[in-house]
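Just below is one structure, and these are the notes that go with it.
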Number of protein chains: 2
Amino acid sequence: MARAGLSADRLALAGADLADQIGFENVSVAKLARHFNVKPASLYSHVESSADLKTRITLLALTELADSTAEAVAGRSGEPALTALGNSFRNYAHAHPGRFAAMQRQLDPQTAAQSAGPRHVRLMRAILDGYQLNEADQTHAIRLIGSVLRGYVSLELSGSFSHSEPSSGESWKHIVHGLNVLLENW
Amino acid sequence: MARAGLSADRLALAGADLADQIGFENVSVAKLARHFNVKPASLYSHVESSADLKTRITLLALTELADSTAEAVAGRSGEPALTALGNSFRNYAHAHPGRFAAMQRQLDPQTAAQSAGPRHVRLMRAILDGYQLNEADQTHAIRLIGSVLRGYVSLELSGSFSHSEPSSGESWKHIVHGLNVLLENW
DNA sequence: GTAGTTACCTAATGATCGTAGGTAGCTTGA
DNA sequence: TCAAGCTACCTACGATCATTAGGTAACTAC
């Protein structure tokens with residue numbers, strides 16, 4: 001029998017793609033095995049458990065998003081940087097809803113510390129250096145921005161904004177701009 | 001054999017309590033049946049499916065929160081009203097993490113329309129009437145507030161704020177105040 | 001007290017995760 | 001080039017779960 005060439009990374013990548021297609025919560029070891037024409041038990045040579053697989057998908061998504069956000073923000077500051085950060089986040093989530101859902105998963109502190117999570121914080125902190133905030137206020141601001149990004153996109157993806165005017169994209173622009181104003185006058 | 005006295009409402013309530021204890025995603029028909037000393041099959045006389053049960057928990061949580069928020073906000077306007085709304089939301093989520101998780105679940109449009117969701121919107125709209133916003137801006141503002149509430153509390157409950165200073169409660173105060181400022185100068 | 005309803009049961013099917021232990025294919029070293 | 005070992009994948013199994021079909025026992029109402 002030919003080998004499928006599995007590895008933890010390939011499983012995480014295929015799992016992420018599967019999540020984008022059928023929803024992160026519907027990803028299972030069994031489905032992923034089927035995708036590789038392999039028996040479920042075979043995945044356990046590469047991945048510890050279903051939870052481990054899901055954690056790997058989370059880490060993959062965090063890294064991908066940090067990469068693309070870093071690129072989007074590079075060379076910008078102030079409102080353009082904030083807008084680029086926001087759009088990068090939102091576009092990624094729209095293009096990859098399963099990966100986005102994976103990112104909501106909570107990691108244990110150790111894993112979280114080694115994830116791309118801290119990179120996200122550093123990216124935000126770099127942007128906020130362009131505004132005049134003391135250290136504590138910068139942390140408050142990071143938490144605010146993180147909340148808005150996560151909250152807005154979650155609500156949007158769950159359809160909360162799709163049955164009313166104005167369009168979701170319209171609100172997004174106003175909200176990012178509003179955040180910028182707030183940061184300038186914190 | 002004595003009857004357990006099941007009903008859809010009792011199941012939803014017990015399911016919500018169970019969710020608060022073991023996490024919403026771990027609630028199952030089997031566990032709920034065990035809680036009532038009854039066989040899993042018995043629940044299907046009262047509830048259509050596991051998904052139906054979960055939807056009922058979501059609806060219960062939405063209603064409970066709308067009730068308690070309405071009470072908290074009553075008789076207030078402006079920043080005190082905004083603060084009351086925010087604290088009501090946050091306190092509920094902290095006291096009932098399983099119910100809060102249930103509220104994140106997306107409902108099909110029909111169910112959503114008959115849920116307490118619209119009541120939440122009306123509550124926010126009533127508060128925003130105290131600020132000078134045109135209709136479209138009011139909608140943007142509702143979406144912003146909803147995003148911050150949901151995002152902040154999600155991040156908080158998933159531990160994102162627990163390993164850094166200042167305390168999460170501290171940021172919360174600043175953020176609610178910041179929102180108020182933003183709304184006043186929209 | 002009997003008829004009818006209904007609350008709960010037994011039994012079965014099929015999906016899931018996960019473990020233990022076996023075999024076939026690849027790789028490396030003599 | 002061939003033998004030895006590693007490892008990728010397998011079969012087989014036990015547990016938990018959701019769900020359906022069809023039966024029985026307990027209430028309710030006349």
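These values consider heavy atoms only, across backbone and side chains, with no hydrogens, waters or symmetry-generated copies. Here is the naming used below: chain letters follow the sequence lines, and residue numbers restart at 1 for every chain.
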Please report the distance, rounded to the nearest Å, between [atom1] in [X] and [atom2] in [N].
{"X": "A:Leu32", "N": "C:dG18", "atom1": "CG", "atom2": "C1'", "answer": "15 Å"}
{"X": "A:Glu25", "N": "C:dC17", "atom1": "CD", "atom2": "P", "answer": "14 Å"}
{"X": "A:Leu11", "N": "D:dC9", "atom1": "CG", "atom2": "P", "answer": "9 Å"}
{"X": "A:Tyr44", "N": "D:dC10", "atom1": "OH", "atom2": "P", "answer": "14 Å"}
{"X": "A:Lys31", "N": "C:dC17", "atom1": "NZ", "atom2": "P", "answer": "8 Å"}
{"X": "B:Leu43", "N": "C:dT10", "atom1": "CG", "atom2": "P", "answer": "14 Å"}
{"X": "A:Lys39", "N": "D:dT7", "atom1": "NZ", "atom2": "P", "answer": "24 Å"}
{"X": "B:Asn26", "N": "D:dA18", "atom1": "CG", "atom2": "P", "answer": "11 Å"}

Identify whether the distance between the nearest side-chain nitrogen and carboxylate oxygen of A:Asp52 and A:Arg56 falls below 4.0 Å.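 Salt bridge: yes.
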Of all the nucleotides listed (C:dA7, D:dA18, C:dC17), which has the minimum atom distance to the side chain of A:Ser28?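 Of the options given, the side chain of A:Ser28 lies nearest C:dC17.
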Do B:Lys173 and A:His140 make a side-chain contact, defined as non-hydrogen atoms from C-beta onward lying under 4.5 Å apart?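 A side-chain contact under 4.5 Å is absent here.
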Quick one, A:Glu71 and A:Asp67 - any side-chain contact, counting heavy atoms below 4.5 Å? no
Between [N] and [X], is there an OP1 or OP2 to side-chain N/O distance shorter than 4.0 Å?
{"X": "A:Ser42", "N": "D:dA8", "value": "no"}
{"X": "A:Arg34", "N": "C:dA15", "value": "no"}
{"X": "A:His46", "N": "D:dT7", "value": "no"}

Is there a path of hydrophobic side-chain contacts, each under 4.5 Å between heavy atoms, that joins B:Leu82 and A:Leu179? yes
Less than 3.5 Å apart, any donor N or O on the side chain of B:Ser164 or A:Arg143 sitting next to an acceptor on the other?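 A donor-acceptor contact under 3.5 Å links the two side chains.
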Under 4.0 Å, counting only non-hydrogen atoms across every strand here, what does B:Ser45 touch: a base, just sugar-phosphate, or nothing? base
Once you apply a heavy-atom cut-off of 4.0 Å, does A:Ala41 come out as touching a base, just sugar-phosphate, or nothing? base
Of B:Gly5 and A:Ser49, the one whose nearest nucleotide on DNA chain C sits closer to the 5' end is B:Gly5
